[in-house]
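Data first, discussion second: the structure below is written as structure tokens.
Every number for a ligand or one of its atoms is a count from 1 in the order of the listing.
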Amino acid sequence: MMKKNNFFYKLKSGLTKTRDTLAKNLDSLLFGKKLLDPALFDELEEMLIAADMGPQFAYALIDDVKEKIKRRELGDALQIKNLLRERMATILSSAQKGLNIKKGEPYIIMVVGVNGSGKTTTIGKLAHFLREDGHEVILVAADTFRAAAIEQLEIWGQRVKAPVIRQKMNADPAAVVFDALGKINSGYKGVIIIDTAGRLHTKVNLMEELKKIKRVIGNKMPGAPQEISLVLDATTGQNALIQAKMFKEEIGVSGIVLTKLDGTSKGGIVVRIVHELALPIRYIGVGEGLEDLRPFESNDFISAILD
Ligand SMILES: Nc1nc2c(ncn2[C@@H]2O[C@H](COP(=O)(O)OP(=O)(O)O)[C@@H](O)[C@H]2O)c(=O)[nH]1
Ligand SMILES: [Mg+2]
């Protein structure tokens, strides 16, 4: 419980800027306003878009408000905030689907995302989280582009007491994965997390490389990878959405990890990603420490940006 409170506090303080651009402005916008003021709707739309929730979400909310006014279900502008909360809850609760990893069966997680989004750090934190939950974890260093990337994963492996399988820099990533899966005892029944490269200036090559890794995994173990997690940096706002679209189309993504929610004004992007891409948010990251990753909980998140 202590840990959880601590995490919520970090989430809430991290999202202060998001909350300020949204909740405070919303309160002052709505206070004492007449409901049928077209300027109110324009401002509301602007505000939701400025909070990175996206035009689709904004229009849907405003349509809902207008509909409720027509049906006389809405008497006071301040109630719009409740409607916003309800809509967010509907959308985000659908995205609250944590990984369901059974013990006693191998489970492969392939982690993808652009450079700097937080993949390696997320893998370290996730390995810790899963170890605490009683899972065995092995890490595979398939970002072979920079020596530092391999070392960074090894350091995390030492911290969380998870073996790291690696080869030398510039080794073919798919071959690293192939060899690693060969090395891992066929009776291994734990989690295998695969770190990958994310240099986007060679987009076509990167996508081909990731597809090849995915194929290698599937050939070794039918049905694997059980999870392809896309790591997105929440501070990049709309760019995160663009990346999510691209990775989803190119390789198929089964879940999202949203990092760097500590200290962003763009937390509303979560709503947009879920609304427009219908992908589950597996975990959220609120810092660089071991404990700074938790499963996504929609009520906590909504409370952190609205209350
Ligand atoms: N504040 C904060 N920093 C993070 C978080 N996740 C990762 N980072 C930092 O972001 C930078 C890039 O992370 P890294 O894991 O190397 O990204 P990768 O290139 O995708 O593997 C590092 O400095 C991390 O410490 C997070 O949730 N919060
Ligand atoms: Mg990395």
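- Residues Arg146 and Gln152 have side chains that never bring a donor and an acceptor to within less than 3.5 angstrom of each other.
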What verdict does the salt bridge (charged side-chain N to carboxylate O under 4.0 Å, His left out) test give for Asp233 and Lys260, after you've listed the backbone C-alpha separation in whole Å, the side-chain angles of each residue and the deciding distance to 0.1 Å?
CA-CA 6 Å; Asp233 174 345; Lys260 309 190 198 181; 3.2 Å; yes

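- Closer than 4.0 angstrom to ligand 1 lie heavy atoms from Val114, Asn115, Gly116, Ser117, Gly118, Lys119, Thr120, Thr121, Lys125, Gln152, Thr259, Lys260, Asp262, Gly285, Val286, Gly287, Glu288.
- A distance of 9.0 Å separates CZ of Phe296 from CG of Leu261, quoted to the nearest 0.5 Å.
- Listed by first and then second residue, the salt bridge (Lys or Arg N to Asp or Glu O under 4.0 Å) pairs involving residues 298-307 are Lys4-Asp300, Arg85-Asp307 (not counting sequence neighbours).
- A donor-acceptor pair under 3.5 Å links the side-chain atoms of Lys125 to the main chain of Gly287, judged by distance alone.
- Within the sub-2.8 Å shell of the Mg ion (ligand 2), the protein contributes these N/O/S atoms: Thr120 OG1.
- Between Glu209 and Arg199 a salt bridge is recorded (basic side-chain N to carboxylate O distance below 4.0 Å).
- Hydrophobic cluster membership of Ile155, counting Ile, Leu, Val, Met, Phe, Trp and Tyr whose side-chain heavy atoms lie under 4.5 Å apart directly or via other members: none, as it forms a cluster of its own.
- Note on Lys119 versus Asp143: no salt bridge recorded, every NZ/NE/NH1/NH2 to OD/OE distance being 4.0 Å or above.
- A cation-pi contact links Lys220 to Phe178, judged by a cut-off of 6.0 Å to the six-membered ring centre and 45° from its axis.
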